[in-house]
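All values reported here derive from a predicted model rather than from experimental measurement. Positions are given from 1 along the sequence.
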Amino acid sequence: MADSSPLLTPGSDSASDPTEKRPHSITLDDAIERCIGKFGRAQFFQSLLVSAAWLFDAQQTFITVFTDAQPTWHCTTTSTTATTESSNSSCYSAPTQCGLPSSSWAWDSPAHTSTISEWALNCSGPILAGLPSSSFFMGCLLGGLVIATLADSLGRKNTLVISTLSMSLFTFLTIFSPNIWAYSALKLLSGFARGSIGTCALVLATELVGQRWRGQVGIIGFFCFTVGFLSLPAIAFFNKGRSWRNLYFISSLPTLLYSLSLHIFVSESPRWLWIKNRKDEAINTLKRISSHNELLVDFNHVVITTSQSQENNDMYSAMKILVQNKWALKRLTTVMILGFGIGLVYYGMPLGVGDLGFNLYLSVTLNALSELPASLITFFLIGRLNRRRSLLGFATASGVASVLCCVGFVGRETKIVMELVSFFSACTAFNVLLIYTLELFPTSVRNSALSMVRQALVMGGVACPLMVMTGRKYGSLIWTYGVFGFVILCSGVFAAFLPETRGAAFCDTMDEQEQHNKNKESLLR
């Protein structure tokens, strides 16, 4: 039961009409804003701990850049016989080792440093070689559909704890993969568990703070993602020459400890608790994280548009509501199209950057570093950025730079610069899109809507390994950077069909959001 403080009390269940105006009545959004509008130390700790989930998310998202890297090889000269000399001659002129006698070439590093060399996948074709990465993203897609929607029914915190714990366990089990099929199956399960982590972390972190700080707190997660991405080349460099399995072992243990700390220290979203009619828990949570000594809010006077306790009673009702409301379905379809194009570039660039001829560790590090200015721009300018124009501009810049990477007359140095520009633009568009999606949908379906957008991003991740492996097979960047650029250019145009949400307050129910949309439309006429 909640503390019997007269300053903060739950609404009476005996109210005859929740929409009836009472003296000094306030909306749920205003009531919570008065409690946690100021950004205190407790909110900072909670937001930082929740956002740290993105660090482990990033590690598992891009770990195959090193574990499944295409190893280098060299020709061998072990004999001076005529037959061997002929084999060596053909070896030095061959673009790949496929079709060459096994005695005429060898890997530059031990076979266990990459799955490609350990399981002899170098000549198996793009589908089999790219199967682990595609399986991971396919798992993310399925996990986002199955698990992430549970956060609107089971709670943001519980879903995040379950997801991080499951991902750490499947990551650990990947160490014992005996072949490509078992490895791909475990990557699928790891991706399934990972599918809802970013969504739940972003929604929970932003619902623990006031409106003024939501954009900045959302960007903290992107910073953590960058740190996780940056940690990979460092870990891989110190693991150079050793088994690829070590990378999964090293990344699984901290994730396990983190999931336990989430369960102990993080509070559930007070908004979610309130709309689930768990009002005592919501009030206790607000007391714990508020920066005020006393919470001068009487929740007996909270007015809601619709009884939130009647919304989202089953786990998939949020998805049903999104589909049944025309305006919500239109918004969801549009942001998902945007998400697919951005995701194709965002996940595909790091996988294909090794094909530009640069050092793999340096190239991945530069890509990870380019996320920092993208996060900084979003962090400091999210309050000023026009959402639609920003998405259109960054998508266009990313597409043009990506296409330039496959132009024949462009030098190698220029190509890596264009690749970084394209990836930086995609990173910024990625950040803005997630914040934009939070603002487009009300609390009752926000987690599910954001989940669907992230699944669209992940669908791009499912497709990009096949593009990268096909480009390697035919020795052409058109299959990678050309396709990436064309798709993100086309998808970016759809930003023009969305409403602008900069500076808008969060709505809590579909009715409230629909009324807000009507009021905005009437002002524009």
Run the ring pair (Phe, Tyr, Trp, His ring centres under 6.0 Å) check on F249 and W244 step by step: do they pass?
-> CA-CA 9 Å; F249 177 75; W244 57 268; over 10 Å; no
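- Using a 4.0 Å cut-off between a side-chain N of Lys or Arg and a carboxylate O of Asp or Glu, K240 and D108 do not qualify as a salt bridge.
- Between A58 and F229, the shortest heavy-atom contact is CB-N, 3.7 Å.
- When each of L391, L450, L433 is checked for a side-chain contact (heavy atoms from CB on, under 4.5 Å) with V335, only L433 meets the rule.
- Of the residues V50, N158, L160, the one that meets the side-chain contact (heavy atoms from CB on, under 4.5 Å) test with C200 is L160.
- The closest side-chain donor-acceptor pair between S168 and S252, if any, does not fall under 3.5 angstrom.
- No donor-acceptor pair closer than 3.5 Å links the side chain of R388 to the backbone N or O of N386.
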Kindly determine whether R245 and E118 satisfy salt bridge (charged side-chain N to carboxylate O under 4.0 Å, His left out), including the steps that lead there.
-> CA-CA 11 Å; R245 302 172 193 267; E118 180 171 327; 2.7 Å; yes
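- Around atom CD1 of I337, more than 12 heavy atoms belonging to other residues, nucleotides or ligands sit under 6.0 Å away.
- Relative to the six-membered ring of W54, R194 misses at least one condition, a distance below 6.0 Å or an angle of at most 45° to the axis.
- Side-chain N/O atoms of S196 and S163 include a donor and acceptor closer than 3.5 Å.
- Looking only at side-chain heavy atoms (C-beta outward), F44 and V217 stay at 4.5 Å or farther from each other.
- In this structure, Y347 and F137 have tilted ring planes: the angle between them lies in the 30° to 60° band.
- The minimum heavy-atom distance between S267 and L204, with the atom names listed, is O-CD1, 3.8 Å.
- Between S251 and Q60, the shortest heavy-atom contact is OG-NE2, 3.0 Å.
- No side-chain heavy atom of T67 sits under 4.5 Å from any side-chain heavy atom of S114.
- Aromatic ring pairs are classed by plane angle as parallel below 30°, tilted from 30° to 60° and perpendicular above 60°; the pair Y346 and F423 is parallel.
- Side chain of S259 to backbone of L256: a donor-acceptor contact under 3.5 angstrom is found.
- Considering all non-hydrogen atoms of both residues, L189 and F170 come closest at O-CD1, 3.5 Å.
- Side-chain atoms of N367 and S363 include no donor-acceptor pair closer than 3.5 Å.
- Panel note: side chain K415, backbone C406; no donor-acceptor pair is recorded below 3.5 Å.
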Between F172 and Y248, is a ring pair (Phe, Tyr, Trp, His ring centres under 6.0 Å) present by the stated rule, with each step listed?
-> CA-CA 6 Å; F172 180 79; Y248 286 104; over 10 Å; no
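- In terms of heavy atoms, I180 sits closest to L121 at CD1-CD1, 3.6 Å.
- With no hydrogens or angles considered, a side-chain donor-acceptor pair links D68 and Y183 at under 3.5 Å.
- Closest of all the heavy-atom pairs between G492 and L338 is CA-CD2, 3.7 Å.
- Checked by atom type, the side-chain pair T64/S133 shows a donor-acceptor distance below 3.5 Å.
- Within 6.0 Å of CE in M336 there are more than 12 heavy atoms belonging to other residues, nucleotides or ligands.
- Checking side-chain atoms of S398 against main-chain N and O of F394 turns up no donor-acceptor pair under 3.5 Å.
- For Y361, the OH atom is densely surrounded, since the number of other residues' heavy atoms within 6.0 Å is greater than 12.
- Using a 4.5 Å cut-off on side-chain heavy atoms (C-beta onward), Y258 and L49 make contact.
- Between the S177 side chain and the T174 main chain, a donor and an acceptor come within less than 3.5 Å of each other.
- In this structure the side chain of W105 never reaches within 4.5 angstrom of the side chain of H74, judged on heavy atoms.
- Side-chain atoms of S491 come within 3.5 Å of backbone atoms of V487 as a donor-acceptor pair (strictly under, hydrogens ignored).
- Taking the six-membered ring for Trp, F62 and F66 have ring centres at least 6.0 Å apart.
- Under the 4.0 Å criterion applied to side-chain N and carboxylate O atoms, R389 and E500 are not assigned as salt-bridge partners.
- Open room surrounds CD1 on I127; 12 or fewer heavy atoms of other groups in view lie less than 6.0 Å from it.
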Given V353 and I416, is the side-chain contact (heavy atoms from CB on, under 4.5 Å) satisfied, shown in steps?
-> CA-CA 8 Å; V353 71; I416 193 65; 4.0 Å; yes
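- A side-chain donor-acceptor contact under 3.5 Å links S402 to the backbone of Y481.
- A heavy-atom distance below 4.5 Å is found between the side chains of T164 and I197.
- The shortest side-chain heavy-atom distance between P71 and S109 does not fall under the 4.5 Å cut-off.
- Looking at heavy atoms from C-beta onward, F136 lies in side-chain contact with S190 at the 4.5 angstrom threshold.
- Looking at T113 and R242, their side chains never come closer than 4.5 Å, going by heavy atoms from C-beta outward.
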